[in-house]
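Notes follow the structure.
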Amino acid sequence: IVCCLDENENLLDVVLSALSALKSCTHILANKTPDVFLSSIPILVKNVLQNYTIAPACLQCIASIILETGPSFLPVLNDVIIAVLEISKKNDVAKEADLFVAILGVFEAIVEKLGGFLSPYLDEILDFLLLRQSSSESTSKMTEKFESVQKSLPKMIPVCVEGDLYFPSR
């Protein structure tokens, strides 16, 4: 399946079929053999950055892999977050509802499964969530995803407090 993604860049139907098959297989097999699915991440990331036509489907596959592999996804988390943040900074992303919802889906999956590992990227993710929400022409699906991610963030990301806490004595 992964070979179809890498070798058939010009055959849109083949690539989309391969992405659909990968996503389906992810739900069934990724928790049993995460390494097989994690090996597809570099190709998915490359396609996200190079081909806007298939980027939403690639991002949906990445989100599925994150949800099914959980902590096994950590070795490739940095590459994925950098790519998603890079594509999210493009000006025309807000106009592409499918791409926008797919980006939110990846953020939602990361927050749900790997929220404790987001601190290096939290500023940029929050900028995206706050700035893009106010500047985009929201569809109901976009609004629903936004709300889901915004509700998940405070629950899934551990709160770190620097210094000693002051508790008044009675």
Side-chain angles (χ1 to χ4, degrees), residues 1-2 5 15-31 34 37-38 40-118 120-157:
I1 294 173
V2 174
L5 296 175
V15 173
L16 290 174
S17 296
L19 288 168
S20 178
L22 180 62
K23 187 176 174 186
S24 296
C25 290
T26 299
H27 294 298
I28 299 167
L29 301 170
N31 59 356
F37 292 88
L38 294 176
S40 67
I41 295 297
I43 294 168
L44 291 170
V45 167
K46 180 185 93 167
N47 282 323
V48 164
L49 295 173
Q50 292 178 355
N51 190 341
Y52 269 6
T53 308
I54 61 170
C58 291
L59 289 167
Q60 290 170 358
C61 281
I62 291 171
S64 294
I65 293 169
I66 293 167
L67 290 171
E68 296 299 330
T69 60
S72 299
F73 195 83
L74 283 175
V76 294
L77 179 64
N78 186 53
D79 296 335
V80 169
I81 289 183
I82 289 171
V84 172
L85 288 172
E86 184 177 324
I87 198 169
S88 72
K89 291 177 184 175
K90 306 282 185 193
N91 288 335
D92 55 347
V93 168
K95 296 175 186 169
E96 299 288 332
D98 291 341
L99 182 58
F100 204 62
V101 170
I103 290 169
L104 289 171
V106 171
F107 284 147
E108 182 178 35
I110 291 171
V111 168
E112 182 180 322
K113 292 295 184 174
L114 304 167
F117 300 95
L118 285 179
Y121 316 101
L122 204 49
D123 287 346
E124 290 178 272
I125 292 172
L126 289 174
D127 282 346
F128 171 76
L129 292 174
L130 298 174
L131 295 175
R132 294 296 183 172
Q133 181 182 19
S134 62
S135 68
S136 69
E137 301 160 4
S138 294
T139 64
S140 62
K141 194 172 188 179
M142 289 168 66
T143 304
E144 183 181 310
K145 277 286 185 194
F146 262 125
E147 289 172 359
S148 175
V149 174
Q150 287 174 338
K151 287 178 185 175
S152 299
L153 274 170
K155 294 177 188 171
M156 299 303 208
I157 296 176

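- The shortest distance between side-chain heavy atoms of Ser88 and Leu85 falls below 4.5 Å.
- Applying the side chain to side chain donor-acceptor pair (under 3.5 Å) rule to pairs touching residues 54-63 yields nothing, sequence neighbours excluded.
- Atom CD1 in Ile54 sits 6.0 Å away from atom CG in Leu19 (nearest 0.5 Å).
- The two atoms that bring Leu49 and Ala83 nearest to each other are CD2-O, 3.7 Å, heavy atoms only.
- Taken to the nearest 0.5 Å, the CG atom of Leu22 stands 9.5 Å off from the NE2 atom of His27.
- The structure places CG of Leu118 at 11.5 Å from CG of Asp123, a figure rounded to the nearest 0.5 Å.
- Two residues are said to be in side-chain contact when any heavy atoms from C-beta on lie closer than 4.5 Å; Thr26 and Cys61 fail this criterion.
- A search for ring pair (Phe, Tyr, Trp, His ring centres under 6.0 Å) contacts involving Phe37 returns nothing, not counting sequence neighbours.
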Which donor-acceptor pairs under 3.5 Å do side chains of residues 73-82 form with protein atoms, sequence neighbours excluded?
residue: Asn78; atom: OD1; partner: Tyr121; partner atom: OH; Å: 2.3

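- Summarising the geometry of Lys113 relative to Leu67, their closest heavy-atom pair is CE-O, 3.2 Å, with the distance given to 0.1 Å.
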Please tabulate, for side-chain N and O atoms in residues 103-111, each donor-acceptor pair with protein atoms closer than 3.5 Å (sequence neighbours left out).
residue: Glu108; atom: OE1; partner: Lys145; partner atom: NZ; Å: 2.7
residue: Glu108; atom: OE2; partner: Ser148; partner atom: OG; Å: 2.2

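- Here the NZ-CD1 distance, from Lys23 to Ile28, works out to 13.0 Å after rounding to the nearest 0.5 Å.
- Take Thr53 and apply the side-chain contact (heavy atoms from CB on, under 4.5 Å) test, not counting sequence neighbours, and it matches Leu12, Asn51.
- Applying the salt bridge (Lys or Arg N to Asp or Glu O under 4.0 Å) rule to Glu68 yields no partners; only residues at least two apart in sequence or on another chain are considered.
- For the pair Val48/Val84, no side-chain contact is recorded, criterion being any heavy-atom separation below 4.5 Å from C-beta on.
- In this structure, the separation between OG on Ser64 and CG on Leu59 is 11.0 Å, given to the nearest 0.5 Å.
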